[in-house]
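Reviewing the structure listed below.
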Amino acid sequence: MKKFVIVACVCLLSAFCVMGCQRSVVQSNCKIEGTASGALNGKKIFLVPLNGPQDRAHVDSAVIENGKFEFSIDSLMMAILRIELRARYGYQDLLVITESGTVHATIGEVSAAGGTPQNDSLQVWKSLSEEYHAKNRPLMMQLQQTANDDSLKAGIKTVISGNYNAFKQRSRHMAEGLKEGVLYDFLDKMFPKDKEDK
């Protein structure tokens, strides 16, 4: 009877290990379903790791057909969707996270993605980033045109700095809400905590 209990326990542990392994494989499966302009039919789109090697072994590609493309990835990372060089002008690169589930991507003048938790959050951050750049772009141009007026330059720099600090604070707040994951790591590296916050 004692041997039977031991064998039964070993069998149960083995079953849990197999189930755990199977679950982790399933959780790492990512499918990217994308749409793009019909003008890009026949062109290649690349899935390029944001960090690490960007050679043939690590970069995936697909051909756009009928305004659609698709990728299947089994590793979790932040990557860039990028149209081939000859056709890239006018199309915005797109950051995506290859987490479990189906990511819906649209490539265009302003590209977007969503459909999974981290990609939905990444899209929110992308909107914050575009809002920040839209505010600062005219200020940067104004700064270049006021080279001889030190007082005006100082005022513009103060506004630019304030815009950046607000953007950083919102990005940090988002990272703290996430607590962990690929997007958390990205934001935490880009906007590290100030020394007084640690």
Side-chain angles (χ1 to χ4, degrees), residues 13 15-36 45-62 68-83 88 91-136 163-198:
L13 283 171
F16 284 130
C17 287
V18 169
M19 286 167 61
C21 291
Q22 287 175 337
R23 189 164 58 247
S24 68
V25 170
V26 171
Q27 287 178 341
S28 66
N29 285 345
C30 175
K31 186 177 183 183
I32 298 175
E33 293 180 347
T35 58
I45 184 164
F46 297 94
L47 184 68
V48 183
L50 182 65
N51 300 305
Q54 297 184 352
D55 52 21
R56 285 187 181 184
H58 297 88
V59 174
D60 199 357
S61 67
K68 296 182 179 179
F69 61 90
E70 193 174 290
F71 290 94
S72 291
I73 310 100
D74 60 6
S75 58
L76 180 63
M77 63 177 173
M78 185 170 277
I80 305 166
L81 282 170
R82 178 176 287 155
I83 300 295
R88 193 175 300 164
Y91 298 98
Q92 186 183 52
D93 288 351
L94 178 63
L95 276 177
V96 292
I97 297 169
T98 61
E99 66 180 325
S100 176
T102 301
V103 180
H104 302 284
T106 303
I107 300 298
E109 187 179 343
V110 177
S111 299
T116 62
Q118 288 193 85
N119 281 291
D120 290 344
S121 295
L122 179 58
Q123 188 59 39
V124 170
W125 180 79
K126 182 175 180 275
S127 297
L128 289 177
S129 178
E130 286 171 352
E131 182 185 310
Y132 160 69
H133 288 296
K135 280 182 181 176
N136 270 11
N163 288 344
Y164 174 76
N165 288 334
F167 174 51
K168 178 181 177 180
Q169 187 176 9
R170 292 174 80 182
S171 299
R172 279 286 340 149
H173 183 70
M174 178 177 278
E176 285 157 14
L178 293 165
K179 294 184 175 67
E180 61 180 11
V182 174
L183 181 54
Y184 170 83
D185 293 340
F186 170 76
L187 293 174
D188 190 54
K189 186 174 181 181
M190 185 174 279
F191 304 99
K193 286 183 181 178
D194 294 326
K195 286 180 181 176
E196 58 269 22
D197 295 337
K198 291 182 180 178

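The structure presented is a predicted model; accordingly, all values stated were derived computationally and were not measured.
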Report yes if the side chains of [X] and [Y] come closer than 4.5 Å at any heavy-atom pair, otherwise no.
| X | Y | answer |
| --- | --- | --- |
| Thr35 | Phe69 | no |
| Met78 | Leu183 | yes |
| Glu109 | Gln92 | no |
| Ile83 | Phe46 | no |

Spacing of [atom1] belonging to [X] relative to [atom2] belonging to [Y], to within rounding of 0.5 Å:
| X | Y | atom1 | atom2 | answer |
| --- | --- | --- | --- | --- |
| Asn163 | Asn136 | CG | CG | 4.5 Å |
| Leu47 | Ile73 | CG | CD1 | 5.0 Å |
| Asn119 | Ile97 | CG | CD1 | 5.5 Å |
| Asp93 | Ile107 | CG | CD1 | 8.0 Å |
| Ser72 | Glu33 | OG | CD | 9.0 Å |
| Leu178 | Leu187 | CG | CG | 6.5 Å |

Listed by chain and number, what are the side-chain hydrogen bond (donor to acceptor under 3.5 Å, both in side chains) partners of [X], not counting sequence neighbours?
| X | result |
| --- | --- |
| Asp60 | none |
| Ser171 | Trp125 |
| Lys168 | Asp194 |

>> Could you go through Cys30 and Val103, starting from their C-alpha distance and side-chain angles, then the distance that decides it, and tell me whether this counts as side-chain contact (heavy atoms from CB on, under 4.5 Å)?
In response: CA-CA 7 Å; Cys30 175; Val103 180; 3.9 Å; yes
>> Under the salt bridge (charged side-chain N to carboxylate O under 4.0 Å, His left out) definition, can you give me all pairs with a residue in residues 170-179, not counting sequence neighbours?
In response: Glu131-Arg170, Arg172-Glu176, Arg172-Asp188
>> Test side-chain contact (heavy atoms from CB on, under 4.5 Å) on Gln118 and Val182; report intermediate values, then the result.
In response: CA-CA 8 Å; Gln118 288 193 85; Val182 174; 3.8 Å; yes
Testing the basics here: between [X] and [Y], what is the closest heavy-atom pair and its distance to 0.1 Å?
| X | Y | result |
| --- | --- | --- |
| Leu94 | Ala112 | CD2-O, 3.4 Å |
| Leu81 | Phe71 | CD2-CE1, 3.6 Å |
| Ser75 | Thr98 | O-OG1, 2.6 Å |
| Leu95 | Phe186 | CD1-CZ, 4.0 Å |

Listed pairs under 3.5 Å, donor-acceptor, residues 50-58 side chains, sequence neighbours left out:
unit_1 : atom_1 : unit_2 : atom_2 : d
Gln54  : NE2    : Pro49  : O      : 2.8
Asp55  : OD1    : Ala57  : N      : 3.3
Asp55  : OD1    : His58  : N      : 3.2
Asp55  : OD1    : His58  : ND1    : 2.6

>> Distance alone, cut at 3.5 Å: any donor-acceptor contact between the side chains of Asp74 and Asn29?
In response: no
>> Quick check against the 3.5 Å criterion: does Lys126 have a side-chain atom that pairs as donor or acceptor with the backbone of Ser111?
In response: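 Yes, Lys126 side chain to Ser111 backbone: donor-acceptor pair under 3.5 Å.
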>> What verdict does the side chain to side chain donor-acceptor pair (under 3.5 Å) test give for Glu99 and Thr116, after you've listed the backbone C-alpha separation in whole Å, the side-chain angles of each residue and the deciding distance to 0.1 Å?
In response: CA-CA 7 Å; Glu99 66 180 325; Thr116 62; 2.6 Å; yes
>> List the residues meeting salt bridge (Lys or Arg N to Asp or Glu O under 4.0 Å) with Asp185, not counting sequence neighbours, and say none if there are none.
In response: none
